[in-house]
Amino acid sequence: MLSTLLTLVLVLVVLVMAVAPLESLGWWASRGAQEAAETVQQLSVTDDGIDTPVPYERYVVYLSGVGAIDGNSIPGEEAPVIAALTERLPTSCVISDVFPYSVSNRGLTAQRPMAALWRWVEKLRLKKPESAAGMLINARNALQLFVCADRRYGPAYNIGTAQEVIRALRRNGYQFDTETPVALIGWSGGAQIALGASWYLGMGKMPIDVVSIGGMMSDDYGLDRIHKVWHLAGSRDPLQKMGGILFAGRWPHAAFSPWTNAVKEGRIEIIDLGPMRHNAKEHYFDTSAVAPDGRTYLKVTVDAVIAVLTDQPVRTIPS
């Protein structure tokens, strides 16, 4: 009986993995190719004819973790991060309505064949956040992370998410013929999505930085067009370490990979925040866990993000 159940679970996992790239491939076949051409043209513009002052010194785009269900429904633990960034970066525009696990920015509860299932799961998760049903959302979005990192399917996926970032920037007054810096902040799986999108976002004059909070990242080609990556890592977080294990381009002897080149050029800085976990207790956004200096783990994480974006020293927790 147990062996039969395990076999069924394995078959289900294989099937889910097999269909994971279909959304991005379907989008590409229907309208993605045409939209991609328009996106590339928009990024390469040298004069858009708009001479008004740039409204912000920097644009910050927050890409949520794998627990997100759409661009307007940020998981509760992440909301204080966005609020703090908005408050403490008054000259920056903080954007948080990009859903990083869909090439067309469609939330899971939007017009989808399985929308009813995701609405049911979301209701269960709201009633009981630790419900196992909520893990379905994490699993589905985690698979999109691997689509993003895949050399075969990633290009279609990544230009789709880059396009949604561009639209969000446009909605907030970004001018593509300027060199106004853009920082992508990726929590968990959002960090890999940020790397993938950067390959396209970095085609024009836009300076791109990436801040990873516990991100599981690959040796994505997007690294070649990123000015700087700060990887904020918890020493007790095994998931953020998995990127260095699963992706061969991050192995110590992977010469000439985008990751290796970025490390050699000093464009990747790994900062050990201290004994933080990925989730459960004592995680990056924990408001109950307190560091020896009296700051909550949430404040330690937010302080670190602010510090790297404003070129200040990072105050970590001694491990």
Side-chain angles (χ1 to χ4, degrees), residues 12-32 35-36 61-75 78 96-115 117-119 121-122 125 133-168 184-201 210 212-223 239-240 242-243 246-247 278-279:
L12 179 61
V13 169
V14 171
L15 286 174
V16 170
M17 292 179 67
V19 302
L22 294 185
E23 180 180 345
S24 56
L25 294 179
W27 167 81
W28 180 263
S30 63
R31 56 190 174 90
E35 291 183 359
V61 182
Y62 180 85
L63 300 177
S64 192
V66 295
I69 200 162
D70 63 45
N72 296 310
S73 180
I74 301 296
E78 299 176 44
S96 60
D97 60 352
V98 175
F99 182 52
Y101 306 102
S102 167
V103 290
S104 58
N105 210 33
R106 268 195 314 166
L108 300 186
T109 57
Q111 296 178 348
R112 291 172 172 269
M114 298 181 65
L117 169 64
W118 297 122
R119 283 193 288 268
V121 170
E122 180 67 352
R125 191 170 66 169
M135 294 302 295
L136 291 173
I137 296 173
N138 297 45
R140 182 268 173 197
N141 290 341
L143 288 175
Q144 297 306 305
L145 178 157
F146 288 102
V147 173
C148 165
D150 193 288
R151 293 290 197 257
R152 300 162 297 173
Y153 311 119
Y157 188 97
N158 293 331
I159 197 167
T161 51
Q163 188 166 263
E164 294 306 324
V165 171
I166 290 169
R167 288 172 176 165
L184 305 178
I185 300 179
W187 151 235
S188 187
Q192 171 57 39
I193 307 299
L195 295 189
S198 294
W199 173 256
Y200 297 99
L201 296 174
V210 170
S212 159
I213 305 175
M216 187 171 73
M217 298 178 289
S218 73
D219 57 318
D220 199 282
Y221 285 123
L223 287 161
L239 290 181
Q240 62 87 16
M242 290 298 292
L246 295 177
F247 300 104
H278 198 82
N279 43 33

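Source: prediction; values computed, not measured.
Here the shortest heavy-atom pairing between Ser104 and Arg31 reads CB-NH2, 3.5 Å. Smallest separation of non-hydrogen atoms from Ser198 and Gly222: CB-O, 4.0 Å. The two residues Leu145 and Gly189 make their nearest non-hydrogen contact at CD1-CA, 3.3 Å. Nearest heavy-atom pair across Asp70 and Gly107 is CB-CA, 3.4 Å. The shortest heavy-atom contact between Met216 and Gly243 is CG-N, 3.4 Å. Here the shortest heavy-atom pairing between His278 and Gly214 reads CE1-O, 3.1 Å.
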Are Arg167 and Asn105 close enough, and set up right, to give a side chain to side chain contact (heavy atoms under 4.5 Å, CB included), and what steps lead you there? CA-CA 10 Å; Arg167 288 172 176 165; Asn105 210 33; over 6 Å; no
Audit row: Asp150, Tyr157, side chain to side chain contact (heavy atoms under 4.5 Å, CB included) steps and yes/no: CA-CA 9 Å; Asp150 193 288; Tyr157 188 97; over 6 Å; no
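Atom OG of residue Ser96 and atom CD1 of residue Ile185 lie 10.5 Å apart, to the nearest 0.5 angstrom. The distance from the OH atom of Tyr200 to the OG1 atom of Thr161 is 9.0 Å, given to the nearest 0.5 Å. Considering CD1 of Ile193 and CD of Glu164, their distance stands at 13.0 Å, rounded to 0.5 Å. The CG atom of Leu223 sits 5.0 Å away from the CG atom of Leu195 when rounded to the nearest 0.5 Å. Residue Trp27 holds its CH2 atom at 5.0 Å from CD of Gln163, rounded to the nearest 0.5 Å. The line from CG of Leu143 to SG of Cys148 is 13.0 Å long, rounded to the nearest 0.5 Å.
Under the rule for a side-chain contact (heavy atoms from CB on, under 4.5 Å), the partners of Leu201 that lie at least two apart in sequence or sit in another chain are Ala162, Val165, Ile166, Leu184, Ala197, Met206, Ile208. Applying the side-chain contact (heavy atoms from CB on, under 4.5 Å) rule to Ser218 yields the partners Ala149, Gln192, Asp220, Phe247; only residues at least two apart in sequence or on another chain are considered.
A salt bridge links Arg151 with Asp219: the closest approach of a Lys/Arg side-chain nitrogen to an acidic carboxylate oxygen falls below 4.0 angstrom.
Judged by distance alone, the side chain of Asn141 and the main-chain N or O of Ala68 form a donor-acceptor pair under 3.5 Å. A distance-only check finds a donor-acceptor pair linking the side chain of Tyr101 to the backbone of Gly190 [under 3.5 Å].
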